[in-house]
Amino acid sequence: MAQKPSIPKGTRDFSPAEVAKRNYIFDTIRNQFEIYGFQPIETPSFENLETLMGKYGDEGDRLIFKILNSGDYLNKVDDRTLEEKDAAALTPQISEKALRYDLTVPFARYVVMHQNEIDLPFKRYQIQPVWRADRPQKGRFREFYQCDADVVGPSSLLQEVELIQLYDAVFADLGLEKVTIKINHRKILSAIAEVIGAHEQLIPFTVALDKLDKIGEEGVIREMAASGISEAAIRKAMPLFSISGDQDQALGVLSDFLKESKTGEEGIEALRMITATIGKLGLSSCRLQVDVTLARGLNYYTGAIFEVSAPEGVQMGSIGGGGRYDDLTGIFGLKDLSGVGISFGLDRIYLVLEELGLFPETVEESVQVLFVNFGEKEALAALPLIGELRKAGIKSDLYPTDAKLQKQLKYANNRKIPYVVLLGKDELEQNTVVVKDMAKGSQKTYDWKHLPEFIKTL
RNA sequence: GUGGUUGUAGCUCAGUUGGUUAGAGCGCUGGAUUGUGGUUCCAGAGGUCGCCGGUUCGAGCCCGGUCUUCCACCCCA
């Protein structure tokens, strides 16, 4: 009996039209990556499990897709682990490999393994799928593409500035207006926790703080209390909940709040430099916003952290994120190497562009010129002309059968083909073709010898 | 991982307290129109009602399970 085919939860097939639109985004991002001097690398779709485990926090570990060992994988498991049904202890015994969870950790691994071949500063980009065992929602998939650009080597803040410009350049090319790039600094978050006396609970503190715009002040307070942060500490942190006004003002308030912390002052200085420089250089599509409550991002970030949210009015999580990590390669044995990078979430950008109708019409154009097939003789006469067009780089094709003209034109119409060429009995006798402009409905006759004139109009 | 939600034609969706042969619009195929698509008119094809089981004389509709979709958590691109 034939089984009904299906694909796993959170995965998708892509039709030709969808692939065309996805490629448009890929091409736009790749083009700017290269314009900014980044070089491409690729890494395997799966890594050794131990390379990935422990890099993304407990929640991250849970979301990593583990690959079951081949062969008799239960053979080596000790009976006790099996009897106790201890998943955490069992996993490393039956799985040695796991699907890539993001592009940053594999990149860090790559840098360490290839350190002798790499010239610093090393600017690489990487566009590949990643996998997460998350529960799918709109804009959240189990297989999706990330487009990363990272610089390792220089600890200069000019890198952060450049990456913000890169974000802006890509979104400008995509025609995506009013994108907000939020920026914060890990040192600021760490200093706040220190100043209020909640240094031990830095992670729960930042996670709660991050939800301010979603669950409000009360919600944040409740969550902080629930995660063991003292009432006194929460009260101390409260002025931060209402920081508003422009960037300089916000940074001023923060500076006052953290005046006793050297770490905090470093973080504030960094943001001042970045925002001031971007202020001078200007952005075309994006706006940069300091946001003290921005805390998302993975555990390995140590400096600036970024998050890009979709334009207002579009229900979508972040469409990009990034930050600086001073010690990521340290985990793999290479000390004192700083890196900073950003990531674009292709699949979410796609949904945003689709919702706002921002894909150019020509993206779905598979063929520019379609020759109608009137029969064997006419089709044979069309082939050299099609060859001429193809040599000139024009996407052109002959309808494969001599189906009714109505059907062939309808096909051209559905495929959004802008020009149809008619070469029938009369044209064959006169060595001419009739070119029909599908949008206007107008027609023009060209002599075979004068085909270049038509090509010029394309 | 927790709680909820959705699934009927290729697509978007109707479908009465459970009752004979499950509908519409769009799309598709053919014709009006043997060299003119996107407009119009006519006709036609297309369904194991997600899947498995249960209740019932009888289930698209009720019950259980399962898969999927979307939503809220969690977390994130």
Side-chain angles (χ1 to χ4, degrees), chain A residues 1-12 15 25 29 56-64 87 101-104 127-148 167 203-204 206-208 210-211 214-215 219 223 227 294-299 306-310 315-322 341-352 370 372-375 378 399 402-428 433-443:
Chain A
M1 198 176 87
Q3 58 170 333
K4 203 168 193 174
S6 64
I7 54 174
K9 188 197 292 197
T11 66
R12 296 149 298 156
S15 66
I25 303 172
I29 293 173
Y56 311 104
D58 291 343
E59 186 67 14
D61 284 353
R62 188 173 67 76
L63 297 177
I64 292 172
Y101 178 88
D102 74 350
L103 301 178
T104 308
I127 298 177
Q128 290 191 277
V130 301
W131 295 270
R132 294 184 188 178
D134 212 347
R135 191 177 282 208
Q137 286 182 30
K138 186 182 179 187
R140 169 181 285 198
F141 307 100
R142 294 182 132 184
E143 176 182 61
F144 60 97
Y145 269 79
Q146 288 194 329
C147 314
D148 275 33
Y167 263 138
I203 301 285
T206 54
V207 166
D210 185 64
K211 293 178 192 164
K214 203 170 181 181
I215 59 178
E223 182 158 332
S227 54
L294 170 61
R296 292 174 159 202
L298 304 156
N299 297 351
F306 306 110
E307 179 173 289
V308 184
S309 44
Q315 284 294 109
M316 187 65 62
S318 56
I319 56 176
I342 57 171
S343 181
F344 292 81
L346 172 108
D347 302 81
R348 289 187 178 175
I349 291 171
Y350 181 103
L351 292 171
V352 170
L370 180 75
V372 171
N373 190 329
F374 281 101
E378 291 87 346
Y399 195 89
D402 60 346
K404 288 175 61 171
L405 181 60
Q406 189 176 218
K407 192 185 165 91
Q408 297 192 42
L409 284 173
K410 197 165 187 174
Y411 174 84
N413 197 57
N414 291 346
R415 292 277 298 268
K416 300 187 169 106
I417 295 170
Y419 294 98
V420 168
V421 174
L422 302 155
L423 199 173
K425 189 163 163 270
D426 297 348
E427 288 81 9
L428 187 58
V433 291
V434 170
V435 175
K436 181 178 174 73
D437 181 324
M438 293 296 279
K440 290 179 193 159
S442 60
Q443 300 191 161

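Computed from a predicted structure; not experimentally measured. Quick note on labels: first sequence line is chain A, next is B, and so on, each numbered from 1.
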Those residues that, when tested against A:Arg135, pass salt bridge (Lys or Arg N to Asp or Glu O under 4.0 Å) (two or more places apart): none
In chain order, what residues pass the side-chain contact (heavy atoms from CB on, under 4.5 Å) check against A:Gln443, with sequence neighbours excluded? A:Leu422, A:Val434, A:Lys436
Let's see if you can work this out: which of B:rA77, B:rU2, B:rC73 has an atom nearest to the side-chain heavy atoms of A:Lys214? B:rC73
Would you mind reading off the distance between A:Asp58 atom CG and B:rC74 atom C1', rounded to a whole angstrom? 13 Å
Salt bridge (charged side-chain N to carboxylate O under 4.0 Å, His left out) contacts touching residues 138-148 of chain A (sequence neighbours left out): A:Arg124-A:Asp148, A:Asp134-A:Arg140, A:Lys138-A:Glu355
With distance as the sole criterion, do the side chain of A:Arg132 and the base of B:rC75 form a donor-acceptor contact below 3.5 Å? no
Checking all strands, does A:Ser343 fall into the base, sugar-phosphate, or nothing category for heavy-atom contacts under 4.0 angstrom? nothing
Would you classify A:Gln146 as touching base, sugar-phosphate or nothing, given that sugar-phosphate means primed atoms plus P, OP1 and OP2, and contacts are heavy atoms under 4.0 Å? sugar-phosphate
With rounding to the nearest 0.5 angstrom, report the CD to CG distance, A:Gln146 to A:Leu103. 5.0 Å
Whole-Å distance separating the CG atom of A:Asp102 from the P atom of B:rC75: 18 Å
Nucleotide by nucleotide, nucleotides 33-41 of chain B touches protein heavy atoms under 4.0 Å in the pattern (B base, S sugar-phosphate only, - none) --BBBB---
Once ring-ring contact (aromatic ring centres under 6.0 Å, His included) is applied, do any residues pair with A:Tyr145, and if so which ones, sequence neighbours excluded? A:Phe26
For atom C1', what is the distance between B:rG60 and B:rU17, given to the nearest Å? 16 Å
A:Gly139 near the nucleic acid: base, sugar-phosphate alone, or nothing, with a heavy-atom cut-off under 4.0 Å? base
Quantified in whole Å, what is the C1' atom distance between nucleotide B:rA43 and nucleotide B:rC49? 27 Å
Please report the distance separating the P of B:rA32 from the corresponding atom of B:rG47, rounded so that it comes out in whole Å. 27 Å
Using a cut-off of 4.0 Å on non-hydrogen atoms, how would the nucleic acid contact of A:Val308 be classed: base, sugar-phosphate, or nothing? nothing
Which residues satisfy the ring-ring contact (aromatic ring centres under 6.0 Å, His included) test with A:Tyr399, sequence neighbours excluded? A:Tyr411
Tell me every residue that passes ring-ring contact (aromatic ring centres under 6.0 Å, His included) with A:Tyr350, counting only those two or more places apart in sequence or in another chain. A:Phe359
Nearest-Å distance once atom C1' is located in both B:rU5 and B:rU29: 38 Å
Distance, rounded to the nearest Å, where A:Tyr101 contributes OH and B:rC75 contributes P: 11 Å
P-based separation of B:rU66 from B:rG10 [nearest Å]: 28 Å
The salt bridge (Lys or Arg N to Asp or Glu O under 4.0 Å) partners of A:Lys211 (sequence neighbours excluded) come to A:Glu223
All N/O pairs under 3.5 Å across the protein-nucleotides 67-69 of chain B interface:
| residue | atom | partner | partner atom | Å |
| --- | --- | --- | --- | --- |
| B:rU68 | OP2 | A:Lys9 | NZ | 3.4 |
| B:rU69 | OP1 | A:Gly10 | N | 3.4 |

For A:Glu427, the salt bridge (Lys or Arg N to Asp or Glu O under 4.0 Å) test, sequence neighbours excluded, returns none
Under the side chain to side chain donor-acceptor pair (under 3.5 Å) test, which residues partner A:Ser15, sequence neighbours left out? A:Glu18
Out of B:rC74, B:rC71, B:rA77, which nucleotide sits closest to the side chain of A:Arg348? B:rA77
Which is more 5' along RNA chain B, the nucleotide nearest A:Ala133 or the one nearest A:Leu63? Just name the residue. A:Ala133
Using a 4.5 Å cut-off on heavy atoms from C-beta on, say whether the side chain of A:Leu405 contacts that of A:Phe374. yes
When rounded to whole Å, the CG to P distance for the pair A:Asp134 and B:rA77 reads 11 Å
Using atom C1' of each nucleotide, how far apart are B:rC11 and B:rG18 to the nearest Å? 30 Å
Taking atom CZ of A:Arg132 and atom CG of A:Leu63, what is their separation to the nearest 0.5 Å? 8.0 Å
Could you tell me how far apart A:Ile29 (CD1) and B:rA77 (P) are, to the nearest whole angstrom? 15 Å
Could you measure between the two C1' atoms, the one in B:rU6 and the one in B:rC61, and give it in whole Å? 16 Å
Does any non-hydrogen side-chain atom of A:Leu428 lie less than 4.5 Å from one of A:Leu423? yes
Report the secondary structure of RNA chain B in dot-bracket form, marking unpaired bases with a dot and bases paired to a different strand with |, and treating Watson-Crick or G-U pairs with both distances under 3.5 Å as paired. ((((..(..((((.....[...)))).(((((.......))))).....(((((..]....))))))..))))....
Across the strands shown, which category fits A:Tyr145 at heavy-atom distances under 4.0 angstrom: base, sugar-phosphate, nothing? nothing
Nearest-Å distance once atom P is located in both B:rG53 and B:rC41: 46 Å
